[in-house]
Amino acid sequence: MRTMSVVTLLVFVCVITITSVMTKENKNDDSDWRALRALFFATGGENWLNRTNWDFSSPSSVCSTGAVSSSHSSLWFGIECDEEDRVSSIHLENNQLTGTIPTEIALLKSLRYINLSSNKLSGTLPSQVGELPVLSELRLGANELSGTLPSSLFGLPLTELHLPINQFSGTLSPQVGQLTKLIELRLTQNKFVGVIPSAIGLLTNLREIHLSENMFSGSIPAEIGLAKSLIAIFMSNNKIDGTLPEGISSLSLLRELRVDSNQISGTIPAQFFQGLSNLVEFHMAENLLSGSIPHALEKLVNTVSFHLHNNHLSGNIPSQIGLLTSAVSINLAENALTGQIPNNIEHCQDLHELHLHGNQLDADIPSALQKLKKLQYFTLNSYEDIQLIRTATLDNLANQLVQ
């Protein structure tokens, strides 16, 4: 009798355990199904370019065993699943989605990656996105999304936040400093206003920051120099003022610095380029910079483009300009530079464009330009002087320029 009781108890425990597991699995599967169903109907799924196998005839698992290959790709177009048969990735970029992002997106508790870029989504970014506990990449660029960024967004373990070419507005919250795993922040071409928060300096893993074509104001925070992993800073076409923070010069990995078309004033620090030996693109044109061009340019051996046009720079063009041996484009036009074009320019053998018009430079063309066999465009007196140059002899070059 006792043996029968033990067996009965074991059977009962097994049944309860199996039932519990099945219930949990069904609940999980059903929640993913419900989330995707909501996404489908909220974004005009019937008109998607590709909706292969998006079938809602029954609430079966999106990631059922028969639907998953060794790479965990669901049969549903654009869906990937993890080893536990949960939806882990959504790839629906450029798929003619319209409408809004549904709040049910929060049901996808195993979602790590979502890409809905290059569609026609509108409305706001729902705060429920902040309920996705393992989301690491959020890509919603090139849509028509608007409103402010929900504070819940900054509690996620994001490594990439891509929201460019939308209509997001408001300020960039200091809470952005909580995204300590962030590697890429792309907010280009929106309607953000206010200052760039100093909390950017807390993002020690950040490699790229893209804030161009917004309405950010105030100065570039000095704390940006603490984000030592940065390789690219894009802040062009804003209303940024103040001076150029010296901390940027300590970003030894920096390859691209584009802060043109702002209202940055003051001088370029004398040793600004000393720590930037990896700099490839330097664009500080169309600002209010004054003073002279720093002479300490010897670290810029990898710099391909060096643009400081349309500022208030004065003094001579430093002879050290010839140390930019990788330069393809040098633009110092529309300043108040004086003196001669330095002969050391002959060392810039890859130079394709040299723009110096709109200054007060001597009209004499140095013989050094004859040695620049790749030079195609050269301006000296005015923008209208621009000519296509096939440099064969110095006389030929002189004849092509309006003196």
Report yes if the side chains of [X] and [Y] come closer than 4.5 Å at any heavy-atom pair, otherwise no.
X: Ser31; Y: Arg86; result: yes
X: Val134; Y: Leu111; result: no
X: Leu372; Y: Gln349; result: yes
X: Pro164; Y: Gln189; result: no
X: Gln175; Y: Ser151; result: yes
X: Leu125; Y: Phe168; result: yes
X: Asn278; Y: Leu254; result: no
X: Leu289; Y: Ile268; result: yes

**Prompt:** Going through the distances and angles, do Ile90 and Leu108 end up as a side chain to side chain contact (heavy atoms under 4.5 Å, CB included)?
**Reply:** CA-CA 10 Å; Ile90 299 177; Leu108 299 169; 3.7 Å; yes
**Request:** List the steps, then state whether side chain to side chain contact (heavy atoms under 4.5 Å, CB included) holds for Asn335 with Ile293.
**Result:** CA-CA 11 Å; Asn335 281 287; Ile293 299 172; over 6 Å; no
Residues, nucleotides or ligands: over 12 heavy atoms within 6.0 Å of [X] [atom1]:
X: Lys228; atom1: NZ; answer: yes
X: Lys109; atom1: NZ; answer: yes
X: Arg186; atom1: CZ; answer: yes
X: Arg258; atom1: CZ; answer: yes
X: Gln96; atom1: CD; answer: yes

Rounded to the nearest 0.5 Å, how far apart are [atom1] of [X] and [atom2] of [Y]?
X: Leu300; Y: Phe306; atom1: CG; atom2: CZ; answer: 6.5 Å
X: Ile209; Y: Glu184; atom1: CD1; atom2: CD; answer: 12.0 Å
X: Leu324; Y: Glu298; atom1: CG; atom2: CD; answer: 10.5 Å
X: Leu179; Y: Leu206; atom1: CG; atom2: CG; answer: 9.5 Å

**Asked** Can you list the steps and then say if Ile317 with Asn359 is a side chain to side chain contact (heavy atoms under 4.5 Å, CB included)?
**Response** CA-CA 11 Å; Ile317 299 174; Asn359 286 288; over 6 Å; no
**Message:** Would Trp54 and Phe41 count as a ring-ring contact (aromatic ring centres under 6.0 Å, His included) here? Give the steps.
**Reply:** CA-CA 11 Å; Trp54 280 66; Phe41 289 108; 9.8 Å; no
Residue pair [X] / [Y]: nearest heavy atoms and the distance that separates them:
X: Leu145; Y: Ser122; result: CD2-O, 3.4 Å
X: Phe272; Y: Leu276; result: O-CD1, 3.7 Å
X: Ala270; Y: Ala296; result: O-CB, 3.7 Å
X: Met235; Y: Leu211; result: CE-CD1, 4.2 Å
X: Pro245; Y: Pro221; result: CG-O, 4.4 Å

So, [X] side chain and [Y] main chain: donor-acceptor pair closer than 3.5 Å or not?
X: Asp32; Y: Val62; value: no
X: Asp82; Y: Ser88; value: no
X: Thr303; Y: Leu279; value: yes
X: Asn205; Y: Ser229; value: no
X: Asn262; Y: Asn287; value: no
X: Asn316; Y: Gln340; value: no
X: Asn50; Y: Asn95; value: no
X: Asn119; Y: Ser117; value: yes
X: Ser326; Y: Val304; value: no
X: Asn344; Y: Ser319; value: yes

**Request:** For side chain to side chain contact (heavy atoms under 4.5 Å, CB included), just list the numbers for Leu39 and Leu92, CA-CA rounded to whole Å, side-chain angles, deciding distance to a tenth of an Å, and then say yes or no.
**Result:** CA-CA 11 Å; Leu39 178 64; Leu92 292 174; 4.1 Å; yes
**Asked** In this structure, which one of Asn238, Leu288, Val259, Asp241 forms a side chain to side chain contact (heavy atoms under 4.5 Å, CB included) with Ile264?
**Response**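 Result: among Asn238, Leu288, Val259, Asp241, Val259 is the only option passing the side chain to side chain contact (heavy atoms under 4.5 Å, CB included) with Ile264.
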Is a donor from one side chain sitting under 3.5 angstrom from an acceptor on the other, for [X] and [Y]?
X: Gln370; Y: Glu346; value: no
X: His347; Y: Thr325; value: no
X: Asp260; Y: Ser236; value: yes

**Request:** Report the relative orientation of the aromatic rings in His307 and His283; use parallel for angles under 30°, tilted for 30 to 60°, perpendicular for over 60°.
**Result:**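 Ring orientation of His307 relative to His283: parallel.
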**Message:** Exactly one of Phe216, Phe192, Phe234 should register a ring-ring contact (aromatic ring centres under 6.0 Å, His included) with His210. Which one does?
**Reply:**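 Filter result, single survivor: Phe234.
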**Message:** Going by ring-ring contact (aromatic ring centres under 6.0 Å, His included), Trp48 matches just one of Phe40, Phe77, Trp76. Which one?
**Reply:**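 One option only clears the test, and that one is Phe40.
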**Option among Glu286, Lys239, Glu213 that satisfies the side chain to side chain donor-acceptor pair (under 3.5 Å) test with Ser261** =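 Going through the options one by one, the only one that passes is Glu286.
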